[in-house]
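Only one structure is covered here, and it is reproduced in the block below.
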There are 2 protein chains.
Amino acid sequence: MVQFSTAHEVLTVVFQVRGLESENPQLSVLLWERALDPERGAWALPGGRLRDNEDLTSSARRQLAEKVDLREVAHLEQLAIFSDPHRVPGVRTIASTYLGLVPAPAQPELPPDTHWQPVDQLPPMAFDHHPMVLHAHARLIAKLSYTNIGFALAPKEFAVSTLREVYEAALGYQVDATNLQRVLTRRGVISRTGTTAAPGRAGGRPAALFRFTDDRLRVTDEAAALRPPA
Amino acid sequence: MVQFSTAHEVLTVVFQVRGLESENPQLSVLLWERALDPERGAWALPGGRLRDNEDLTSSARRQLAEKVDLREVAHLEQLAIFSDPHRVPGVRTIASTYLGLVPAPAQPELPPDTHWQPVDQLPPMAFDHHPMVLHAHARLIAKLSYTNIGFALAPKEFAVSTLREVYEAALGYQVDATNLQRVLTRRGVISRTGTTAAPGRAGGRPAALFRFTDDRLRVTDEAAALRPPA
DNA sequence: CCAAAAGTGTTCGTTGTACACCCATGG
DNA sequence: CCATGGGTGTACAACGAACACTTTTGG
């Protein structure tokens, strides 16, 4: 029967803000370089075939753990399905894409063919993986505005200035630290730990430390317009 | 090989606001009643197996056209994938769900086993189709707030009071006609046609007619917070 | 001229942005 | 005591909700 000649793969776009302590932190994607044809030398998203006894989310988690030894994914969500019959050569394969986020300080060990690539300098990519990254990035930018999704990118505890760097890297434009704090505090997204960080060698007032109130995705700005009557 | 024993189906949650000219319009879903086991007598979403040479969107369109003779779908978008290995008995089947919207005046011919069911009075449903409908409804409610998605539910031309009924049915709560007009006009979502509707027999000022400016989905309230600097 | 339906205007609170000003620390 | 970075306060504009008021029709 024809309907059995279709395979299903799961591909995950994993983002992390890297270089926080350096001059310019950057949002980066996890990619691996294909050693074999087709598309030898092109960069691909981590993932692979779906197994019989697992659902898609488990599969995404397993692939990341097995193939790139990455277990510190703080958030994972479905993106779109790519189903063009000719998106890859050979057996027809439908791809389910996921968005995965890794907190900033984590530095997992990576296999030699795997690297973090800044999202604004993507290398030539295999198959239809390039639009997948763009789609994931767009989703991340949107959700930073109306959810607490930043918890999955930021360190456990952080100064507001650090959080600003995380947001700037992910959004791709400058953010006012003052207002970032106000907006996120008003929404209950972040809260003070009570402790402070030591100032740098140049002096300056010690920064109050914050943490994200929740470590699960929450919508914090439900409906801007046409909300239910009070 | 195990990975070939998986089938893929497309299921579409089709919504329409019905009973606009009557006393209480309701948002309704298109469902058909299963005549055979498993789940005989339960209500199911329209859809079916994916063919070799079509992508998911084409498949959804084809299924609706073939099975329920429904061609007037004004908007169609991907929802989630349901991939629990045991979500249906027999061969493992992954379900891709779609949200479809049909404009209010359209009254397509339906097969005898197919009906429009009000979303707040859903009958017992087959497999995992019930959460799919809830998911689609939540998506619709959210998008009514920050996109022009109403174009796919409303008639071509309409008075603001009619549009209010559409929004109220879809959202499930009361909406102020004054503010609905202001918000949608300010965003450029609707615009006047220049013509007016004849008043009813009880009199009253003739209503100005509007239309949706676009007939494709557009985001009209991009980022409420953390938007790029001017 | 009155009821009914539609449309306009006004007020108010909330949210988000921009920016000036004050605070705490190291040298 | 001053540079540096952190934090608070204030002013302003935009948006949306609520509601009173005016306009236009049929009887």
Side-chain angles (χ1 to χ4, degrees), chain A residues 20-21 23 144-147 157-165 167-168 171 173-210 219-230, chain B residues 20-21 23 142 144-147 157-168 171 173-210 219-230:
Chain A
L20 258 195
E21 309 302 321
E23 55 303 337
L144 279 171
S145 173
Y146 67 92
T147 72
E157 301 196 345
F158 49 85
V160 175
S161 58
T162 306
L163 189 63
R164 179 179 81 226
E165 293 183 292
Y167 271 73
E168 285 184 339
L171 292 171
Y173 53 76
Q174 295 195 338
V175 175
D176 183 316
T178 298
N179 297 327
L180 182 66
Q181 180 189 347
R182 214 192 314 260
V183 168
L184 297 184
T185 302
R186 182 158 45 196
R187 294 180 174 177
V189 171
I190 62 175
S191 39
R192 310 186 92 104
T193 64
T195 53
T196 55
R201 50 192 124 275
R205 178 169 168 175
L209 291 179
F210 288 78
V219 175
T220 59
D221 190 24
E222 200 86 40
L226 306 179
R227 42 179 171 268
Chain B
L20 258 194
E21 309 302 320
E23 56 300 337
L144 279 171
S145 174
Y146 67 92
T147 73
E157 302 196 345
F158 48 84
V160 175
S161 58
T162 306
L163 188 63
R164 180 179 81 224
E165 292 183 292
V166 171
Y167 272 73
E168 285 184 341
L171 292 171
Y173 53 78
Q174 295 194 337
V175 175
D176 184 316
T178 297
N179 297 327
L180 182 66
Q181 180 189 348
R182 215 192 314 260
V183 168
L184 296 185
T185 302
R186 180 159 47 200
R187 294 180 174 177
V189 171
I190 60 175
S191 39
R192 310 185 91 106
T193 63
T195 54
T196 56
R201 50 192 124 276
R205 179 171 169 171
L209 291 180
F210 288 78
V219 175
T220 58
D221 191 23
E222 201 85 39
L226 306 177
R227 42 179 172 265

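The basis for the numbers below is simple: all heavy atoms, side chains too, and nothing from hydrogens, waters or symmetry mates. Proteins come first, then strands; the chains are lettered A, B, ... in the order of their sequence lines, and each starts at number 1.
A donor-acceptor contact shorter than 3.5 Å is absent between the side chain of Thr220(A) and the backbone of Arg187(A). Under the 3.5 Å distance criterion, the side-chain polar atoms of Glu168(B) are matched with a main-chain donor or acceptor of Val175(B). Within the 3.5 Å criterion, the main-chain N or O of Phe210(A) finds no donor-acceptor partner in the side chain of Thr193(A). Between the side chain of Thr185(B) and the backbone N or O of Gln181(B), at least one donor-acceptor pair lies under 3.5 Å.
The base of dG7(D) lies outside donor-acceptor range of the side chain of Arg182(A), with no N or O pair under 3.5 Å.
Protein atom CG of Leu180(B) is 17 Å distant from nucleotide atom P of dC19(D), rounded to whole Å. Asp176(A) places its CG atom 13 Å from the C1' atom of dG6(D), with the value rounded to the nearest Å. Residue Asp221(B) contributes atom CG, which lies 9 Å from atom P of dC15(D) at whole-angstrom precision. With rounding to whole Å, Arg192(A) atom CZ is found 13 Å from dG6(D) atom P.
Within the 4.0 angstrom heavy-atom criterion, only backbone atoms of the sugar-phosphate kind lie near Ser161(B); the bases stay farther away. Nucleic acid contact for Ala159(A): none, since no nucleic acid atom lies under 4.0 Å from a heavy atom of the residue. Here Arg201(A) lies in heavy-atom contact (under 4.0 Å) with sugar-phosphate atoms only. Residue contacts shown for Ala198(A) are absent, as no nucleic acid heavy atom lies under 4.0 Å away.
At the phosphate of dG5(D), neither OP1 nor OP2 sits under 4.0 Å from any side-chain N or O atom of Arg164(A). Regarding contacts with the backbone of dC15(D), every side-chain N or O of Arg187(B) stays at 4.0 angstrom or more from both OP1 and OP2.
With DNA chain D read from its 5' end, the first of the two nearest nucleotides for Arg186(B) and Gly204(B) is the one closest to Arg186(B). Comparing Arg227(B) and Arg205(A) along DNA chain C, the residue whose closest nucleotide (by nearest heavy atom) sits nearer the 5' end is Arg227(B). Judged by closest nucleotide on DNA chain C, Asn179(B) is the one of Ala225(B) and Asn179(B) placed further toward the 5' end.
For Glu157(A), the CD atom counts as densely surrounded, since its 6.0 Å shell holds more than 12 non-hydrogen atoms of other residues, nucleotides or ligands.
Here chain A contacts DNA chain C (any atom closer than 4.0 Å to a heavy atom, that is under 4.0 Å), and the contacts span dT15(C) to dG27(C) from 5' to 3'.
You'll find the side chain of Tyr167(B) reaches within 4.5 Å of the side chain of Leu226(A), heavy atoms only.
A side-chain contact (heavy atoms from CB on, under 4.5 Å) with Ile190(A) is found for exactly one of Leu184(A), Leu180(A), Val183(A), namely Leu184(A).
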